[in-house]
Amino acid sequence: MTNFWDTELYLSSDKDQLFEQETWPKPFTFNEDVVRVFDDMVSRSVPLYKEVVACAVQWTKAYYQPGTKIIDVGCSTGTFLELLGRFLKTPATLVGIDNSEPMLAKAKEKLSGLEDIHDIELICQSAENSSFENSSIVVMNYTLQFLPVHQRQQVLNAVYEGLVPGGLLFLSEKLRSPYPQFQETMTRHYEAFKTRNGYAQNEIERKKEALENVLIPLTQMQQVAMLHDSGFAAVDSLLKFHNFTSFIALK
Ligand SMILES: Nc1ncnc2c1ncn2[C@@H]1O[C@H](C[S@+](CC[C@H]([NH3+])C(=O)[O-])CC(=O)[O-])[C@@H](O)[C@H]1O
Ligand SMILES: O=C(O)C(=O)Cc1ccccc1
(Lines give C-alpha, C1' and ligand atoms only; values in the text may rest on other atoms or scores of the structure.)
(Ligands and ions follow the chains in the order given, each with its own letter.)
Protein backbone atom coordinates (compact mmCIF):
# COMPACT_ATOMS: atom_id res chain seq x y z
CA MET A 1 0.00 0.00 0.00
CA THR A 2 1.37 3.43 -0.95
CA ASN A 3 1.99 5.77 1.95
CA PHE A 4 -0.16 8.79 2.83
CA TRP A 5 2.51 11.22 1.56
CA ASP A 6 2.13 9.94 -1.99
CA THR A 7 -1.66 9.64 -1.84
CA GLU A 8 -4.00 12.28 -3.23
CA LEU A 9 -6.43 13.82 -0.76
CA TYR A 10 -10.09 12.94 -1.31
CA LEU A 11 -11.20 16.34 -2.62
CA SER A 12 -14.57 16.57 -4.27
CA SER A 13 -16.40 19.83 -4.98
CA ASP A 14 -17.39 22.31 -7.65
CA LYS A 15 -14.83 24.96 -8.64
CA ASP A 16 -14.76 27.94 -6.28
CA GLN A 17 -16.19 30.82 -8.29
CA LEU A 18 -18.21 32.26 -5.40
CA PHE A 19 -16.45 35.60 -5.45
CA GLU A 20 -16.60 36.03 -9.21
CA GLN A 21 -20.31 36.71 -8.96
CA GLU A 22 -21.88 40.07 -8.17
CA THR A 23 -23.28 38.80 -4.86
CA TRP A 24 -20.92 36.84 -2.66
CA PRO A 25 -21.10 35.49 0.91
CA LYS A 26 -20.57 38.54 3.10
CA PRO A 27 -19.97 38.07 5.95
CA PHE A 28 -18.30 34.80 5.09
CA THR A 29 -20.10 31.78 6.55
CA PHE A 30 -19.74 28.06 5.88
CA ASN A 31 -23.16 27.83 4.27
CA GLU A 32 -24.35 25.51 1.49
CA ASP A 33 -22.87 27.68 -1.27
CA VAL A 34 -19.43 27.59 0.40
CA VAL A 35 -19.66 23.87 1.16
CA ARG A 36 -20.47 23.12 -2.50
CA VAL A 37 -17.07 24.56 -3.52
CA PHE A 38 -15.14 24.04 -0.28
CA ASP A 39 -12.63 21.33 -1.23
CA ASP A 40 -11.53 23.41 -4.24
CA MET A 41 -11.53 26.61 -2.14
CA VAL A 42 -9.42 25.25 0.70
CA SER A 43 -6.93 23.45 -1.53
CA ARG A 44 -6.38 26.63 -3.61
CA SER A 45 -6.44 29.05 -0.65
CA VAL A 46 -4.37 27.42 2.10
CA PRO A 47 -0.63 27.16 1.42
CA LEU A 48 0.71 23.62 1.89
CA TYR A 49 -2.80 22.33 2.64
CA LYS A 50 -2.01 18.82 1.37
CA GLU A 51 1.24 18.74 3.39
CA VAL A 52 -0.52 19.96 6.52
CA VAL A 53 -3.19 17.24 6.24
CA ALA A 54 -0.51 14.58 5.62
CA CYS A 55 1.53 15.91 8.57
CA ALA A 56 -1.53 15.68 10.80
CA VAL A 57 -1.87 12.03 9.74
CA GLN A 58 1.81 11.40 10.44
CA TRP A 59 1.65 12.96 13.95
CA THR A 60 -1.64 11.17 14.68
CA LYS A 61 -0.06 7.81 13.87
CA ALA A 62 2.88 8.69 16.13
CA TYR A 63 0.79 9.70 19.19
CA TYR A 64 -2.52 7.83 18.85
CA GLN A 65 -3.32 5.58 21.85
CA PRO A 66 -5.61 2.62 21.05
CA GLY A 67 -8.89 2.75 22.95
CA THR A 68 -9.05 6.56 22.85
CA LYS A 69 -10.70 8.97 20.40
CA ILE A 70 -9.22 10.90 17.49
CA ILE A 71 -11.14 14.19 17.20
CA ASP A 72 -11.06 16.64 14.28
CA VAL A 73 -12.55 19.98 15.37
CA GLY A 74 -13.89 21.94 12.42
CA CYS A 75 -13.58 18.80 10.29
CA SER A 76 -15.32 20.43 7.29
CA THR A 77 -15.82 17.79 4.56
CA GLY A 78 -13.77 15.16 6.43
CA THR A 79 -10.62 15.33 4.31
CA PHE A 80 -8.20 14.74 7.21
CA LEU A 81 -10.26 11.92 8.77
CA GLU A 82 -10.63 10.27 5.37
CA LEU A 83 -6.89 10.23 4.68
CA LEU A 84 -6.15 9.06 8.24
CA GLY A 85 -8.80 6.36 8.06
CA ARG A 86 -7.20 4.89 4.97
CA PHE A 87 -3.81 4.57 6.67
CA LEU A 88 -4.64 3.76 10.29
CA LYS A 89 -4.12 0.00 10.50
CA THR A 90 -6.12 -0.59 13.71
CA PRO A 91 -9.86 0.19 13.95
CA ALA A 92 -10.32 3.51 15.76
CA THR A 93 -12.99 5.96 16.85
CA LEU A 94 -12.81 8.91 14.46
CA VAL A 95 -14.83 11.94 15.59
CA GLY A 96 -15.58 14.91 13.36
CA ILE A 97 -17.03 18.03 15.00
CA ASP A 98 -18.37 20.92 12.94
CA ASN A 99 -21.13 23.49 13.44
CA SER A 100 -22.09 23.46 9.73
CA GLU A 101 -24.68 20.83 8.84
CA PRO A 102 -23.93 20.98 5.11
CA MET A 103 -20.23 20.37 5.86
CA LEU A 104 -21.06 17.24 7.88
CA ALA A 105 -23.37 15.98 5.13
CA LYS A 106 -20.38 16.06 2.77
CA ALA A 107 -18.14 14.50 5.44
CA LYS A 108 -20.62 11.63 5.89
CA GLU A 109 -20.51 10.98 2.15
CA LYS A 110 -16.71 11.15 2.05
CA LEU A 111 -16.23 8.87 5.07
CA SER A 112 -18.86 6.29 4.09
CA GLY A 113 -16.18 4.00 2.63
CA LEU A 114 -14.47 3.73 6.04
CA GLU A 115 -17.52 2.82 8.14
CA ASP A 116 -16.70 -0.91 7.94
CA ILE A 117 -13.25 -0.35 9.43
CA HIS A 118 -13.58 2.53 11.89
CA ASP A 119 -16.23 3.85 14.28
CA ILE A 120 -17.09 7.22 12.75
CA GLU A 121 -18.96 9.86 14.75
CA LEU A 122 -19.94 13.14 13.09
CA ILE A 123 -21.25 15.70 15.58
CA CYS A 124 -22.89 18.97 14.57
CA GLN A 125 -21.81 21.14 17.46
CA SER A 126 -19.83 24.29 18.21
CA ALA A 127 -16.29 23.78 19.45
CA GLU A 128 -17.16 26.03 22.39
CA ASN A 129 -19.74 23.46 23.56
CA SER A 130 -17.74 20.32 22.79
CA SER A 131 -16.18 17.75 25.08
CA PHE A 132 -12.89 16.07 24.18
CA GLU A 133 -12.90 13.42 26.91
CA ASN A 134 -10.80 10.31 26.38
CA SER A 135 -9.05 11.59 23.27
CA SER A 136 -5.37 11.05 22.54
CA ILE A 137 -5.44 13.16 19.38
CA VAL A 138 -7.23 16.47 18.75
CA VAL A 139 -6.72 18.07 15.33
CA MET A 140 -7.90 21.65 14.82
CA ASN A 141 -6.84 22.92 11.40
CA TYR A 142 -7.95 26.49 10.55
CA THR A 143 -10.96 26.46 12.90
CA LEU A 144 -10.03 28.34 16.08
CA GLN A 145 -9.40 31.43 13.90
CA PHE A 146 -13.14 31.66 13.27
CA LEU A 147 -14.09 31.74 16.94
CA PRO A 148 -14.41 35.05 18.77
CA VAL A 149 -10.98 35.56 20.37
CA HIS A 150 -12.46 35.64 23.91
CA GLN A 151 -13.85 32.09 23.42
CA ARG A 152 -10.63 30.49 22.21
CA GLN A 153 -8.92 30.00 25.56
CA GLN A 154 -11.85 28.03 26.99
CA VAL A 155 -11.82 25.71 23.95
CA LEU A 156 -8.10 25.06 24.32
CA ASN A 157 -8.61 24.52 28.06
CA ALA A 158 -11.31 21.94 27.30
CA VAL A 159 -9.05 20.23 24.74
CA TYR A 160 -6.25 20.00 27.29
CA GLU A 161 -8.61 18.66 29.98
CA GLY A 162 -10.08 16.08 27.60
CA LEU A 163 -6.81 14.71 26.27
CA VAL A 164 -5.36 11.68 28.06
CA PRO A 165 -1.76 12.01 29.36
CA GLY A 166 0.58 11.88 26.37
CA GLY A 167 -2.23 13.19 24.14
CA LEU A 168 -1.46 15.53 21.24
CA LEU A 169 -3.09 18.66 19.84
CA PHE A 170 -2.29 19.39 16.18
CA LEU A 171 -3.32 23.01 15.57
CA SER A 172 -3.09 25.00 12.34
CA GLU A 173 -4.07 28.65 12.13
CA LYS A 174 -3.78 31.68 9.91
CA LEU A 175 -1.75 34.15 12.02
CA ARG A 176 -0.58 37.73 11.58
CA SER A 177 2.92 39.10 11.92
CA PRO A 178 3.42 41.51 14.85
CA TYR A 179 5.52 43.65 12.49
CA PRO A 180 3.30 45.73 10.19
CA GLN A 181 5.86 45.82 7.37
CA PHE A 182 6.21 42.02 7.42
CA GLN A 183 2.42 41.61 7.66
CA GLU A 184 1.94 43.78 4.58
CA THR A 185 4.60 41.85 2.62
CA MET A 186 3.30 38.43 3.74
CA THR A 187 -0.22 39.43 2.70
CA ARG A 188 1.03 40.52 -0.71
CA HIS A 189 2.93 37.24 -1.17
CA TYR A 190 -0.09 35.26 0.00
CA GLU A 191 -2.33 37.04 -2.52
CA ALA A 192 0.23 36.27 -5.24
CA PHE A 193 -0.07 32.61 -4.16
CA LYS A 194 -3.84 32.84 -4.69
CA THR A 195 -3.30 34.46 -8.11
CA ARG A 196 -1.01 31.58 -9.11
CA ASN A 197 -3.81 29.24 -8.02
CA GLY A 198 -6.22 30.84 -10.46
CA TYR A 199 -8.05 33.44 -8.38
CA ALA A 200 -8.67 36.85 -10.04
CA GLN A 201 -7.82 40.08 -8.18
CA ASN A 202 -11.48 40.94 -7.60
CA GLU A 203 -12.12 37.47 -6.10
CA ILE A 204 -9.16 37.93 -3.76
CA GLU A 205 -10.30 41.38 -2.65
CA ARG A 206 -13.94 40.33 -2.18
CA LYS A 207 -12.94 37.25 -0.10
CA LYS A 208 -10.69 39.44 2.03
CA GLU A 209 -13.61 41.83 2.66
CA ALA A 210 -15.97 38.93 3.45
CA LEU A 211 -13.49 37.49 5.99
CA GLU A 212 -13.03 40.81 7.80
CA ASN A 213 -14.04 40.38 11.48
CA VAL A 214 -14.88 36.74 10.70
CA LEU A 215 -11.37 35.25 10.47
CA ILE A 216 -9.46 36.97 13.27
CA PRO A 217 -5.74 36.04 13.30
CA LEU A 218 -3.54 36.19 16.39
CA THR A 219 0.22 36.60 16.40
CA GLN A 220 2.31 33.48 16.90
CA MET A 221 3.31 34.74 20.37
CA GLN A 222 -0.35 35.18 21.37
CA GLN A 223 -1.26 31.73 20.06
CA VAL A 224 1.63 29.99 21.82
CA ALA A 225 0.82 31.82 25.07
CA MET A 226 -2.79 30.59 24.82
CA LEU A 227 -1.55 27.01 24.38
CA HIS A 228 0.70 27.27 27.44
CA ASP A 229 -2.07 28.94 29.45
CA SER A 230 -4.39 25.98 28.69
CA GLY A 231 -1.83 23.63 30.29
CA PHE A 232 0.33 22.43 27.40
CA ALA A 233 3.97 22.52 28.49
CA ALA A 234 5.50 21.20 25.27
CA VAL A 235 4.49 23.42 22.34
CA ASP A 236 6.33 23.74 19.03
CA SER A 237 5.70 24.96 15.50
CA LEU A 238 6.02 22.46 12.69
CA LEU A 239 5.17 24.20 9.41
CA LYS A 240 4.79 27.81 8.29
CA PHE A 241 4.17 29.38 4.91
CA HIS A 242 3.06 33.02 4.57
CA ASN A 243 0.67 33.57 7.52
CA PHE A 244 -0.30 29.88 7.84
CA THR A 245 1.31 27.99 10.74
CA SER A 246 0.92 24.52 12.25
CA PHE A 247 1.69 23.70 15.89
CA ILE A 248 1.97 20.55 17.96
CA ALA A 249 1.26 20.58 21.69
CA LEU A 250 1.69 17.65 24.07
CA LYS A 251 -0.15 16.92 27.32
N1 LIG B 1 -17.35 27.52 16.43
C2 LIG B 1 -17.21 26.48 15.58
N3 LIG B 1 -17.42 25.22 16.02
C4 LIG B 1 -17.27 24.16 15.18
N5 LIG B 1 -16.92 24.28 13.88
C6 LIG B 1 -16.71 25.53 13.42
C7 LIG B 1 -16.84 26.68 14.23
N8 LIG B 1 -16.57 27.78 13.47
C9 LIG B 1 -16.27 27.33 12.24
N10 LIG B 1 -16.38 25.98 12.21
C11 LIG B 1 -16.09 25.08 11.08
O12 LIG B 1 -14.67 25.08 10.96
C13 LIG B 1 -14.30 24.85 9.61
C14 LIG B 1 -13.26 25.89 9.19
S15 LIG B 1 -12.44 25.39 7.70
C16 LIG B 1 -11.40 24.11 8.40
C17 LIG B 1 -10.75 23.25 7.42
C18 LIG B 1 -10.63 21.80 7.84
N19 LIG B 1 -10.20 21.67 9.24
C20 LIG B 1 -9.69 21.08 6.89
O21 LIG B 1 -8.53 20.85 7.27
O22 LIG B 1 -10.13 20.83 5.74
C23 LIG B 1 -11.48 26.82 7.48
C24 LIG B 1 -10.62 26.85 6.36
O25 LIG B 1 -10.67 25.95 5.55
O26 LIG B 1 -9.85 27.83 6.24
C27 LIG B 1 -15.59 24.91 8.79
O28 LIG B 1 -15.99 23.62 8.41
C29 LIG B 1 -16.60 25.56 9.74
O30 LIG B 1 -17.93 25.12 9.50
O1 LIG C 1 -7.40 33.75 4.50
C2 LIG C 1 -7.89 33.71 3.35
O3 LIG C 1 -7.89 34.66 2.55
C4 LIG C 1 -8.50 32.44 2.88
O5 LIG C 1 -8.99 32.36 1.79
C6 LIG C 1 -8.45 31.26 3.87
C7 LIG C 1 -9.71 30.46 3.83
C8 LIG C 1 -9.71 29.23 3.18
C9 LIG C 1 -10.87 28.47 3.14
C10 LIG C 1 -12.03 28.95 3.76
C11 LIG C 1 -12.01 30.19 4.40
C12 LIG C 1 -10.85 30.94 4.44
Side-chain angles (χ1 to χ4, degrees), residues 9-13 16 18-19 24-57 60 71-84 95-107 110 122-130 132 138-152 154-155 158-159 170-176 183 186-195 197 199 203-212 214-217 241-246:
L9 299 181
Y10 182 157
L11 298 172
S12 157
S13 79
D16 175 17
L18 276 186
F19 292 88
W24 66 89
K26 181 181 173 189
F28 187 88
T29 55
F30 293 92
N31 60 21
E32 283 183 0
D33 291 336
V34 169
V35 173
R36 198 183 60 252
V37 302
F38 181 78
D39 283 358
D40 177 62
M41 176 188 281
V42 72
S43 54
R44 285 200 289 145
S45 305
V46 174
L48 301 179
Y49 178 68
K50 180 182 182 311
E51 287 75 10
V52 167
V53 174
C55 251
V57 170
T60 295
I71 303 177
D72 185 1
V73 189
C75 64
S76 296
T77 61
T79 303
F80 159 72
L81 290 173
E82 195 281 334
L83 184 68
L84 174 72
V95 181
I97 296 171
D98 204 293
N99 66 356
S100 163
E101 283 276 9
M103 280 289 191
L104 290 182
K106 289 283 281 189
K110 195 178 276 191
L122 295 175
I123 306 168
C124 190
Q125 192 172 61
S126 290
E128 309 89 298
N129 304 326
S130 295
F132 307 94
V138 173
V139 172
M140 202 154 29
N141 285 334
Y142 317 112
T143 300
L144 205 57
Q145 63 196 37
F146 288 102
L147 271 63
V149 174
H150 71 274
Q151 290 180 358
R152 298 182 192 179
Q154 69 162 81
V155 172
V159 168
F170 189 103
L171 171 71
S172 300
E173 284 280 282
K174 184 179 187 182
L175 302 174
R176 62 179 173 79
Q183 178 60 16
M186 274 185 206
T187 299
R188 198 168 66 246
H189 291 173
Y190 171 55
E191 291 179 359
F193 159 82
K194 281 192 158 182
T195 303
N197 280 351
Y199 284 108
E203 290 182 277
I204 293 169
E205 282 159 17
R206 289 169 173 173
K207 176 93 177 274
K208 193 173 179 178
E209 191 185 322
L211 288 171
E212 222 166 294
V214 172
L215 192 172
I216 303 165
F241 197 1
H242 303 307
N243 288 118
F244 295 77
T245 305
S246 297

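Side-chain atoms are counted along with the backbone in the values below, which use heavy atoms only and exclude waters and symmetry mates. Counting starts at 1 for both ligands and their atoms, following the listed order.
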Checklist entry - Between the candidates Phe80, Tyr142, Tyr49, which shows the shortest non-hydrogen contact distance to atom 20 (C) of ligand 1? => result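 That would be Tyr49.
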Next on the checklist: Is it true that, when you exclude Gln154 itself, more than 12 heavy atoms of the residues, nucleotides or ligands shown sit nearer than 6.0 Å to its CD?
Outcome noted: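 Check passes, neighbour count above 12.
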Subset of ligand 1 atoms that lie under 4.0 Å from at least one heavy atom of [X]:
X      : value
Phe146 : 23 (C)
Ser100 : 30 (O)
Leu147 : 1 (N), 2 (C)
Glu128 : 1 (N), 2 (C), 3 (N)
Asn141 : 16 (C), 17 (C), 18 (C), 19 (N), 21 (O)
Ser76  : 13 (C), 15 (S), 16 (C), 17 (C), 18 (C), 27 (C), 28 (O)
Phe38  : 15 (S), 17 (C), 25 (O)

Counting N and O atoms only, with roles assigned by atom type, does the side chain of [X] sit under 3.5 Å from a partner on the main chain of [Y], one being a donor and the other an acceptor?
X      : Y      : result
Lys194 : Glu203 : no
Thr77  : Lys106 : no
Tyr199 : Phe193 : no

Checklist entry - Do ligand 1 and Val53 have nitrogen or oxygen atoms that lie under 3.5 Å from each other? => result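 Such a contact does not occur with ligand 1.
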Item to check | Salt-bridge criterion met for Asp39 and Lys110 (N-O under 4.0 Å) | outcome: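 So Asp39 pairs with Lys110 through a salt bridge.
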Item to check | Step-by-step side chain to side chain contact (heavy atoms under 4.5 Å, CB included) determination, Lys207 to Ser45 | outcome: CA-CA 10 Å; Lys207 176 93 177 274; Ser45 305; 4.0 Å; yes
Checklist entry - Which one holds for Val42 and ligand 1: side chain close, backbone close, both close, or neither close, with close meaning a heavy atom under 4.0 Å? => result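 The answer is the side chain of Val42.
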Checklist entry - Does Gln125 approach ligand 1 within less than 4.0 angstrom via side chain, backbone, both or neither, non-hydrogen atoms only? => result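 Only the backbone of Gln125 comes within reach of ligand 1.
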Checklist entry - With respect to Leu215, which candidate in Lys208, Glu173, Gln145 satisfies the side chain to side chain contact (heavy atoms under 4.5 Å, CB included) definition? => result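 When Lys208, Glu173, Gln145 are each tested with Leu215, the side chain to side chain contact (heavy atoms under 4.5 Å, CB included) holds only for Gln145.
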Checklist entry - So Phe28 and Phe30, would you call those rings parallel, tilted or perpendicular, with 30° and 60° as cut-offs? => result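 Plane angle over 60°, so perpendicular.
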Checklist entry - How are the rings of Tyr142 and Tyr49 set relative to one another: parallel (under 30°), tilted (30 to 60°) or perpendicular (over 60°)? => result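 Tyr142 and Tyr49: tilted rings.
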Checklist entry - Are Thr143 and ligand 1 in contact, using a heavy-atom cut-off of under 4.0 Å? => result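 Yes.
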Residue and atom name of the nearest protein heavy atom (relative to [atom]), distance in Å to one decimal:
atom                    : result
atom 28 (O) of ligand 1 : Asp98 OD2, 2.6 Å
atom 6 (C) of ligand 1  : Asn99 OD1, 3.2 Å
atom 3 (N) of ligand 1  : Ala127 N, 2.9 Å

Next on the checklist: Could you tell me if Lys50 and Ser43 have a donor-acceptor pair between their side chains, going purely by distance under 3.5 Å?
Outcome noted: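 Side-chain D/A pair, Ser43 to Lys50: absent.
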Checklist entry - Do Leu211 and Phe146 touch side chain to side chain, with heavy atoms closer than 4.5 Å? => result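 In short, these two side chains touch, coming nearer than 4.5 Å.
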Atom pairs, nitrogen or oxygen, ligand 2 to protein, under 3.5 angstrom:
unit_1: ligand 2; atom_1: 1 (O); unit_2: Lys174; atom_2: NZ; d: 2.7
unit_1: ligand 2; atom_1: 3 (O); unit_2: Tyr190; atom_2: OH; d: 3.4
unit_1: ligand 2; atom_1: 3 (O); unit_2: Lys194; atom_2: NZ; d: 2.9
unit_1: ligand 2; atom_1: 5 (O); unit_2: Tyr190; atom_2: OH; d: 3.4
unit_1: ligand 2; atom_1: 5 (O); unit_2: Lys194; atom_2: NZ; d: 2.8
unit_1: ligand 2; atom_1: 5 (O); unit_2: Lys207; atom_2: NZ; d: 2.7

Next on the checklist: Determine whether Val57 and Phe80 satisfy the following criterion, side chain to side chain contact (heavy atoms under 4.5 Å, CB included), listing intermediate values before the conclusion.
Outcome noted: CA-CA 7 Å; Val57 170; Phe80 159 72; 3.8 Å; yes
Next on the checklist: As an exercise, state the distance from CZ of Arg152 to CE of Met140, rounded to the nearest 0.5 Å.
Outcome noted: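 Nearest 0.5 Å value for the CZ-CE distance: 10.5 Å.
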